[in-house]
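In this text the structure is predicted, and so the values were computed from the model without any measurement. Residue numbering restarts at 1 for every chain, and letters A, B, ... go by the order of the sequence lines.
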Number of protein chains: 2
Amino acid sequence: MKTELPDHVRTLGEIVTEEIRRKLVDGELVPGQRLSEAALAESLKISRNTLREAFRVLTQEGLLKHEPNRGVFVSVPDMGSIIDIYRVRRFIECQALAQAYPRHPGTRRMREAVETAQRAREVEDWVSVGTANMAFHSAIVELADSPRLSTFYAHISAELRLAFGVLKDPEFLHAPYIDMNASIVHHLEEGRTDEATVALETYLVQSERTVLAAYGRRGG
Amino acid sequence: MKTELPDHVRTLGEIVTEEIRRKLVDGELVPGQRLSEAALAESLKISRNTLREAFRVLTQEGLLKHEPNRGVFVSVPDMGSIIDIYRVRRFIECQALAQAYPRHPGTRRMREAVETAQRAREVEDWVSVGTANMAFHSAIVELADSPRLSTFYAHISAELRLAFGVLKDPEFLHAPYIDMNASIVHHLEEGRTDEATVALETYLVQSERTVLAAYGRRGG
DNA sequence: ATAAATTGAATTGTTGAACAATAAAGCTTT
DNA sequence: AAAGCTTTATTGTTCAACAATTCAATTTAT
């Protein structure tokens, strides 16, 4: 008897899409940078056509910007984008949390993300702190039990990492919020969804202010 | 002096993407149908490579489904999809309406959509009624002033039209709701956002039930 | 000297053909 | 009827070519 679960065959185009996406959120490719078809195709050892298919997907996700006849560029998240992203985050995360029931499996994932972040903080591994922090908020969105909402949030989230990348200070951006997250999940576990929601909103407002301020100091 | 605003150069790939998208929401291509690269490319008079780029975009939008080595198929919205879509709609539309301020320009667009729908009803042009109805709900989402949220909603909306297409009864699906929409925008204009939100939620619950029931009778 | 027009190189847009890899269908053999 | 094997059609991927466009450099004109 064979285990029949390959279901997700990975085509070269998809693999390459993931690879470029990773380079984008990891900061190997920086906002504003132009991605030459010929150069990138050679570097990834794929053909231009396959690369172009990947470009279309990532453009649709908001990570790349396509300017016809000029090329594709890594999206530059300006202040308008950041404001919009945080507006969406408050819009989605707060409501997902507000109408969650405390026994939802997502709660466990929130708890785990907080603990992971705390362990990473002890070793001062701020990149891992950031990753765990993102996982925490993804878990919040999953409380809504909507695949489409979760996918959408994943895109928003990746776009925000692009913005964080240019700031290059994960400690500053994530460390202060670990305890707030702990408090949020604690409220939720105890059934105090109202207080959890208020705490989350406070978090998001404060985080937005921090990011915008840092952004204002830098590129404008 | 030349009017310098072409800004959005339309590449052949984009044009073709729009064309296929139109065929999808107009029901010329039906859920489950396989789209042969060779056949469709020839029919549209474009190359396979260009068509494949369009496929990636539309797959990302949820209108097509890509099964590696098997081809791309028009998405078949099953009950799970419909439930998810309506969950997202309640999630987004209700909150957008609840926190809207009555003088928002979106309000005017809501009013105009209602009037367009009413005029179309008098002529029994049910397809136009449906289009106006969709415009009404897009206008609700625009009350949130978030480009990303509006784009996301547009995708959800197109996916829902795919599901409506198989039911083929625009009168049944849209006509009963014109007056509810009129009532919603009226409440909003008079500043009674709470009542407007309740009415909207009622609308969405009722519409979902109708669609699911019709779906259950058909393909299941 | 500045602005406009021209040229030319580099890049993207698009195509067609080719071949490899995979899946579906048909056929055989048990 | 099930398992194994061919055959066939389709997708995955590459390559080379050319058209169309941008951009910078150069020339020309004011």
Side-chain angles (χ1 to χ4, degrees), chain A residues 1-21 23-24 29-61 63-76, chain B residues 1-21 23-24 29-61 63-76:
Chain A
M1 175 184 181
K2 241 165 66 178
T3 46
E4 286 281 6
L5 271 173
D7 217 356
H8 222 329
V9 184
R10 295 160 67 83
T11 185
L12 176 59
E14 298 179 49
I15 295 172
V16 141
T17 302
E18 285 181 26
E19 173 70 2
I20 300 177
R21 190 187 292 115
K23 290 191 179 185
L24 286 165
L29 301 172
V30 304
Q33 179 178 355
R34 172 164 158 276
L35 303 183
S36 153
E37 290 186 0
L40 192 50
E42 188 190 20
S43 136
L44 295 171
K45 307 255 196 321
I46 61 175
S47 74
R48 271 182 69 209
N49 296 72
T50 300
L51 178 59
R52 283 171 65 90
E53 293 186 23
F55 277 175
R56 296 303 165 267
V57 172
L58 295 168
T59 298
Q60 197 73 2
E61 290 180 7
L63 297 177
L64 300 181
K65 180 149 200 273
H66 181 149
E67 301 187 16
N69 290 312
R70 303 211 31 219
V72 304
F73 302 79
V74 180
S75 291
V76 308
Chain B
M1 175 184 180
K2 241 166 63 179
T3 45
E4 285 282 5
L5 271 172
D7 216 356
H8 223 334
V9 183
R10 295 161 65 81
T11 184
L12 177 59
E14 299 179 47
I15 295 172
V16 140
T17 302
E18 285 182 25
E19 173 70 1
I20 300 177
R21 189 188 292 114
K23 290 189 178 187
L24 287 166
L29 301 173
V30 304
Q33 179 178 356
R34 171 164 158 275
L35 303 183
S36 153
E37 290 186 1
L40 192 51
E42 187 189 22
S43 137
L44 294 171
K45 306 243 189 337
I46 61 175
S47 75
R48 271 182 70 209
N49 286 322
T50 301
L51 178 59
R52 284 171 65 90
E53 293 187 23
F55 277 174
R56 295 304 166 274
V57 172
L58 295 168
T59 298
Q60 196 73 0
E61 289 180 7
L63 297 177
L64 299 180
K65 179 146 199 271
H66 183 156
E67 301 186 16
N69 288 312
R70 297 199 4 114
V72 304
F73 301 79
V74 181
S75 291
V76 310

Separation between CZ (B:Arg56) and CD (B:Glu61), nearest 0.5 Å, reads 13.5 Å
So how far is it from B:Lys45 NZ to B:Thr50 OG1, rounded to the nearest 0.5 Å?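 Rounded to the nearest 0.5 Å, the NZ-OG1 separation comes to 15.0 Å.
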At under 4.0 Å between heavy atoms, how does the protein contact nucleotides 8-16 of chain C? Give one character per nucleotide, 5' to 3', with B, S or -. ---SBBBBB
For [X], check side-chain contact (heavy atoms from CB on, under 4.5 Å) against everything at least two apart and list the hits.
{"X": "B:Thr11", "result": "B:Glu14"}
{"X": "B:Lys23", "result": "B:Glu19, B:Glu28, B:Leu29, B:Leu44"}
{"X": "A:Thr17", "result": "A:Arg21, A:Ala54, A:Val57, A:Leu58"}

Could you check whether any side-chain N or O of B:Thr59 sits under 3.5 Å from a backbone N or O of B:Phe55, counting only pairs where one atom can act as donor and the other as acceptor? yes
Students should find this one: the first and last nucleotides of DNA chain D, 5' to 3', lying under 4.0 Å from a heavy atom of chain A. What are they? D:dG12 to D:dC23
For B:Glu18, all residues meeting side chain to side chain donor-acceptor pair (under 3.5 Å), sequence neighbours excluded: B:Arg10
